[in-house]
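Take a look at the structure below.
When a residue number appears, it is its place in the shown sequence, counting from 1. Just so you know, these numbers use all the heavy atoms, side chains as well, and skip hydrogens, waters and symmetry mates.
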Amino acid sequence: MVTLGVDTSAGTVSAALEEDGALLGESFVRGKQQHSAVLLPMIDTLLRHCGLSIGKVGRFAVTCGPGSFTGVRIGVAAVKGLAQANDKPCAGVSTLAAIAAQSAFLDGVLCCAMDARRAQVYAALFEAGQGSPLRLCGDEALPIEALERRLLDLNRPVTFLGDGAALCHEAMRKRPDWKLAPEQWRFQRAYGAVLAAREADYRPAAQLHAVYLRPSQAERERKELIL
């Protein structure tokens with residue numbers, strides 16, 4: 001079965017195609033264009049380069065959060081529309097779990113982090129090195145200082161991944177065995193969504209929803225005005 005994966009959760013846009021466990025192709029862009037202008041043409045080009053049509057896709061996977069509110073909405077809406085139009089199931093996976101899934105070849109603790117602004121990150125910890133990464137905690141939105149205390153309590157070597165990895169590594173730098181993953185596999189990718197979705201429950205597109213760990217900036221500002 002062919003699976004189409006999508007990620008638009010932060011500053012990057014990517015799409016990936018997998019068939020029966022083999023990666024057919026992947027497109028990845030880290031640029032300044034709006035995700036909405038890049039994603040659908042990217043998917044169309046990827047399908048053509050792989051000699052497939054959208055009708056040959058058997059299921060869809062997408063990172064449904066945490067991440068940029070606008071970015072997550074774009075990815076989820078695109079997958080929901082494609083899946084509904086083709087009557088195919090889809091799965092929404094944690095962006096942080098997708099980052100860990102594509103980094104399962106590493107050893108030790110994976111600190112998957114995304115920049116949530118205001119000195120905060122979306123983060124989750126995973127144990128790598130034994131097949132699929134094992135979750136050590138749920139997805140959270142928390143201050144970088146709180147994440148640092150949690151890592152110090154673990155007293156383990158750590159690899160930082162995700163678009164918030166460099167932010168965390170620079171802010172902490174408490175131990176020489178806390179490493180920043182190389183840029184070529186640091187950022188979230190659509191293939192990570194496909195890998196994370198292998199164990200997911202694929203459902204009708206109507207049941208796909210974005211997952212946010214905190215209110216949007218507009219909601220926070222409105223609440224501050226009321227208070």
Side-chain angles (χ1 to χ4, degrees), residues 3 5 7 9-12 14 16 18 21-23 26 28 30 61-68 71-72 91-201 211 213-214:
T3 303
D7 172 73
S9 59
T12 59
S14 61
E18 180 194 68
L23 177 63
E26 184 177 24
F28 177 96
R30 186 183 176 198
V62 61
T63 50
C64 62
S68 155
V72 169
V93 300
S94 158
T95 311
L96 300 169
I99 296 169
Q102 72 196 32
S103 310
F105 60 91
L106 297 172
D107 291 317
V109 175
L110 307 179
C111 178
C112 301
M114 301 176 66
D115 187 0
R117 312 300 179 188
R118 296 189 173 189
Q120 291 192 340
V121 289
Y122 302 119
L125 305 179
F126 299 82
E127 179 79 38
Q130 299 179 357
S132 299
L134 175 67
R135 262 194 183 275
L136 300 179
C137 66
D139 295 355
E140 295 182 81
L142 72 171
I144 294 175
E145 291 181 357
L147 178 60
E148 180 180 21
R149 289 194 297 270
R150 186 166 300 177
L151 292 174
L152 287 169
D153 288 341
L154 280 178
N155 194 30
R156 297 275 306 282
V158 174
T159 301
F160 292 96
L161 297 138
D163 68 84
L167 179 66
C168 290
H169 191 249
E170 287 181 13
M172 298 180 188
R173 292 189 176 177
K174 296 297 184 184
R175 290 176 48 142
D177 56 354
W178 288 4
K179 307 292 185 182
L180 183 63
E183 188 167 343
Q184 61 267 31
W185 64 68
R186 185 185 311 162
F187 296 96
Q188 48 268 43
R189 295 165 44 202
Y191 189 47
V194 173
L195 293 173
R198 284 180 177 174
E199 301 176 4
D201 183 14
V211 177
L213 296 183
R214 68 179 191 183

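- Annotation for A104 and A128: closest pair O-CB, 4.3 Å, computed over non-hydrogen atoms.
- Across all their heavy atoms, A193 and A98 have their closest contact at N-CB, 3.6 Å.
- Distance check: R150 CZ to E145 CD gives 14.0 Å after rounding to the nearest 0.5 Å.
- For the atom pair L167 CG and L180 CG, the distance stands at 11.0 Å (nearest 0.5 Å).
- In terms of heavy-atom proximity, C64 sits nearest to T95 at N-OG1, 4.5 Å.
- Applying the ring pair (Phe, Tyr, Trp, His ring centres under 6.0 Å) definition to pairs two or more places apart or across chains, none involves residues 131-154.
- Separating the CG atom in L142 from the CD atom in Q120 is a distance of 7.5 Å, to the nearest 0.5 Å.
- With sequence neighbours excluded, no residue forms a side chain to side chain contact (heavy atoms under 4.5 Å, CB included) with P176.
- Take E183 and apply the side chain to side chain contact (heavy atoms under 4.5 Å, CB included) test, not counting sequence neighbours, and it matches R30, R186, F187.
- Put simply, the side chain of F28 reaches to within 4.5 Å of the side chain of R189, judged on heavy atoms.
- A donor-acceptor contact shorter than 3.5 Å links the side chain of E26 to the backbone of Y191.
- Here E199 pairs with S132 under the side chain to side chain contact (heavy atoms under 4.5 Å, CB included) rule; sequence neighbours left out.
- With rounding to the nearest 0.5 Å, the separation of CZ in F126 from CG in L96 is 6.0 Å.
- For R198 (side chain) and G21 (main-chain N/O), a donor-acceptor pair under 3.5 Å exists by modelled atom type.
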Test log, rule salt bridge (charged side-chain N to carboxylate O under 4.0 Å, His left out), inputs R117 and D115: CA-CA 6 Å; R117 312 300 179 188; D115 187 0; 3.1 Å; yes
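- Here the shortest heavy-atom pairing between A200 and V93 reads CB-CG1, 4.5 Å.
- The closest side-chain heavy-atom distance from L147 to E140 is not below 4.5 Å.
- When all heavy atoms of A181 and T159 are compared, the pair lying nearest together is CB-CG2, 3.8 Å.
- A 4.5 Å side-chain heavy-atom check between E127 and V109 finds at least one atom pair inside the cut-off.
- By the salt bridge (charged side-chain N to carboxylate O under 4.0 Å, His left out) test, R173 pairs with no residue at all, sequence neighbours left out.
- For the pair S14 (side chain) and A190 (backbone), a donor-acceptor distance under 3.5 Å is present.
- Proximity of Q188 to T63: side-chain heavy atoms (C-beta onward) are nowhere separated by under 4.5 Å.
- Using a 4.5 Å heavy-atom cutoff, the side chains of D163 and T12 are not in contact.
- In this structure, CG in L125 is found 11.0 Å from CG in L134, a value given to the nearest 0.5 Å.
- Considering only heavy atoms from C-beta on, C111 stays 4.5 Å or farther from M172 through its side chain.
- Of all heavy-atom pairs spanning L152 and R175, the tightest one is CD2-CD, 4.4 Å.
- For residues 139-179, the set of pairs meeting the ring pair (Phe, Tyr, Trp, His ring centres under 6.0 Å) definition, not counting sequence neighbours, comprises F160-H169.
- Considering CG of L154 and CZ of R149, their distance stands at 13.5 Å, rounded to 0.5 Å.
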